[in-house]
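Down below is the structure, laid out as structure tokens.
This is a predicted model, so every value here is computed, not measured. The first residue in the sequence is number 1, and the count goes up from there.
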Amino acid sequence: MTAARDAEGQPTAPVPRLPAKLAAHPSVQAVLARRRAGDAVSPSAVIDAEWLRELCLAAGADDAAAVSLDHPDLAGEREHVQSALPGTRTLIAMAVRMNRDNLRTPARSVANQEYHQTDEQANHAARSVTQALQDIGYRALNPSVGFPQEMDRFPSERIWVVAHKTVAVAAGLGVMGLHRNVIHPKFGSFILLVTVLVDAEVSEYGQPLDYNPCIDCKLCVAACPVGAIAKDGAFDALACTTHNYREFMSGFTDWAQTVADSEDAADYRSRVTDSESASMWQSLSSPPGYKSGYCLAVCPAGEDVLGPYLDDRKNFMDTVLRPLQDKKETLYVLPDSHAQEYARRRFPHKPVKEVTGGWQPPAKRSASTDRETRTS
């Protein structure tokens, strides 16, 4: 029996044996006809790296690099990635720039808008790359930059599909800084990251940077209002999450518990200020707001960012660091935590408020305590 061949004499895929009813369907006949005509071409087993990079840049990314899922630093990602897209071979890391002064201003509404608009740009870029790869014939998937995430797993398992920072570092887009953000060699800390999963290899993979863009200025340590970043590199993730993510999932849970535990409107307003209620409403009606993110805002690292710091370090600190340090704002801390002690000692002009952070229900208050609170 002679094998079927296309117009160039190459063997074509064998026609599958199909039930008569299915074989007679117009869509099935159209697909099989395209195959016989040689129009259905399988994609290359290996994606050209330069073509892929240009695709990512055209989609809206400012930098991109691919890394094999077999990379040793991605061992902890493999199970999660394969669960999301079975057959994944490569992860495409993409970085999208943020506008620096938008993040540095004490006006957090401006900073939060910058975060969320860049979020959307990164999600759109990743979706465009995924669609282009799909149209060629690859299987590809783009997990969200941040939220939405897999909340059915919370709090017993991780809720993110892929760790964008881990992938970006392995792909060579940057190095993790003291502040636990990836520092890009050119754009510094002012980037957001996104990842595309694809079921093919790439002709050339990115290589981890052979130096650290961090200049060890410790400004992120000085800027953090709850002492989450230590000079020796230690990081208090719980302190960071409790304050900076106050109006995300954990802080919302704490706020909801406060509402449920309040006896009436007067009791609620004795626990939650009008400003806090307005801020929570805004985060519920718009994308949720970050309370600080100052560690990223003050970072001078990156070739495109470093100039003003080198030219006049005093002016840089006076115009970038000190306005954030001097800003009067409520700091959210867990009771009896290092963050609480640090905030009161280091920033006495910033009100400090004890919260549960949503990690556990608040203790029941006695009636006498309620009366004392309302009359004090």
Side-chain angles (χ1 to χ4, degrees), residues 103-116 119 146-147 149 154-155 159 165 177-181 189 218-231 233-259 271-284 286-299 320-362:
L103 296 188
R104 288 171 173 166
T105 177
R108 289 293 90 189
S109 63
V110 178
N112 281 309
Q113 179 173 251
E114 183 65 24
Y115 281 121
H116 292 302
D119 258 1
F147 294 93
Q149 298 195 33
F154 181 80
I159 58 176
K165 295 178 184 180
L178 279 179
H179 51 9
R180 298 316 188 268
N181 292 292
S189 295
K218 301 293 195 300
L219 290 184
C220 58
V221 178
C224 181
V226 292
I229 310 167
K231 291 182 179 179
F235 184 70
D236 187 345
L238 191 55
C240 175
T241 302
T242 300
H243 175 65
N244 192 35
Y245 289 83
R246 171 63 186 165
E247 292 173 5
F248 287 73
M249 56 184 179
S250 58
F252 168 79
T253 300
D254 178 66
W255 174 78
Q257 289 168 170
T258 301
V259 174
R271 305 186 194 197
V272 182
T273 67
D274 289 349
S275 174
E276 289 175 311
S277 291
S279 186
M280 185 61 75
W281 165 81
Q282 181 169 264
S283 283
L284 292 174
S286 304
Y290 300 90
K291 286 299 183 185
S292 59
Y294 298 163
C295 58
L296 189 155
V298 301
C299 180
V320 177
L321 173 64
R322 291 209 170 88
L324 300 177
Q325 291 178 321
D326 294 343
K327 179 180 171 68
K328 187 175 180 180
E329 60 189 326
T330 300
L331 304 180
Y332 297 94
V333 299
L334 298 176
D336 303 318
S337 62
H338 167 72
Q340 183 180 59
E341 182 276 328
Y342 180 92
R344 287 174 172 169
R345 170 174 52 82
R346 184 67 183 81
F347 298 103
H349 62 288
K350 295 178 186 276
V352 176
K353 185 166 187 175
E354 291 185 1
V355 296
T356 71
W359 309 114
Q360 58 186 15

Where M280 and G251 come nearest, the two heavy atoms and their spacing
CE-O, 4.2 Å

Do side-chain atoms of N244 reach the backbone of S292 as a donor and acceptor pair under 3.5 angstrom?
yes

Nearest heavy atoms of V272 and K353, plus distance in Å
CA-NZ, 4.0 Å

The salt bridge (charged side-chain N to carboxylate O under 4.0 Å, His left out) partners of R322 (sequence neighbours excluded) come to D318

Restricting to salt bridge (charged side-chain N to carboxylate O under 4.0 Å, His left out), what partner residues turn up for K327, sequence neighbours left out?
none

My understanding is that only residues two or more places apart in sequence, or in another chain, count here; which of them pass side chain to side chain donor-acceptor pair (under 3.5 Å) with S277?
Y268

Identify, with sequence neighbours excluded, every residue that meets side chain to side chain donor-acceptor pair (under 3.5 Å) alongside D336.
none

To the nearest 0.5 angstrom, please state how far the CD atom of E247 sits from the OG atom of S283.
3.5 Å

Restricting to side-chain contact (heavy atoms from CB on, under 4.5 Å), what partner residues turn up for Q149, sequence neighbours left out?
F147, I159, W160

Short side-chain to backbone donor-acceptor contact, R271 and V259, under 3.5 Å:
no

Go through the steps to decide whether K218 and I229 satisfy the test side chain to side chain contact (heavy atoms under 4.5 Å, CB included), and finish with yes or no.
CA-CA 9 Å; K218 301 293 195 300; I229 310 167; over 6 Å; no

Whether the side chain of H349 engages the backbone of Q325 through a donor-acceptor N/O pair (distance < 3.5 Å, no angle test) should be reported.
yes

Looking at R344 and V352, what are the two nearest heavy atoms and their distance?
CG-CG2, 3.9 Å

Closest approach of A297 and L324, non-hydrogen atoms and distance?
CB-CD1, 4.0 Å

Can you name the salt bridge (charged side-chain N to carboxylate O under 4.0 Å, His left out) partners of R104, sequence neighbours left out?
D101

Just jot down the salt bridge (charged side-chain N to carboxylate O under 4.0 Å, His left out) partners of E329, sequence neighbours excluded, or say none.
K350

Look up atom NE2 in H179 and atom SG in C224, then write down how far apart they are to the nearest 0.5 Å.
11.5 Å

Ignoring hydrogens, what is the shortest heavy-atom contact between L178 and G233? Give both atom names and the distance.
CD2-CA, 3.3 Å

Yes or no on side chain to side chain contact (heavy atoms under 4.5 Å, CB included) for V226 and C240, after CA distance, side-chain angles and deciding distance?
CA-CA 7 Å; V226 292; C240 175; 5.7 Å; no

Partners passing side-chain contact (heavy atoms from CB on, under 4.5 Å) against P155 (at least two apart in sequence or in another chain)
none

Hits for side chain to side chain donor-acceptor pair (under 3.5 Å) against T273, two or more places apart or cross-chain, chain-then-number order -> E276

Those residues at least two apart in sequence (or on a different chain) that pass side chain to side chain donor-acceptor pair (under 3.5 Å) with E341 are R345

For Y245, which residues count as a side-chain contact (heavy atoms from CB on, under 4.5 Å) partner, sequence neighbours excluded?
T241, F248, Y290

S337: side-chain contact (heavy atoms from CB on, under 4.5 Å) partners, not counting sequence neighbours:
V333, L334, A339, Q340

Which distance, rounded to the nearest 0.5 Å, do you find between the SG of C220 and the CZ of F235?
9.5 Å

Hey, is the main chain of T356 close enough, under 3.5 Å, to the side chain of D254 for a donor-acceptor pair?
yes

Donor-acceptor pair, distance only, cut-off 3.5 Å: does the side chain of S279 make one with the backbone of S275?
no

Approximate separation, where rounding is to 0.5 Å, of L219 CG and L321 CG
6.0 Å

Distance from L331 atom CG to K291 atom NZ, nearest 0.5 Å?
10.5 Å

Could you measure the distance from the CZ atom of F252 to the CG atom of L284? Nearest 0.5 Å is fine.
6.0 Å

R346 side chain to G227 main-chain N or O, any donor-acceptor pair under 3.5 Å?
no

Verdict with supporting geometry, L103 and Y115, side chain to side chain contact (heavy atoms under 4.5 Å, CB included):
CA-CA 8 Å; L103 296 188; Y115 281 121; 4.0 Å; yes

How about R246 and V355: do any of their side-chain heavy atoms sit closer than 4.5 Å?
yes

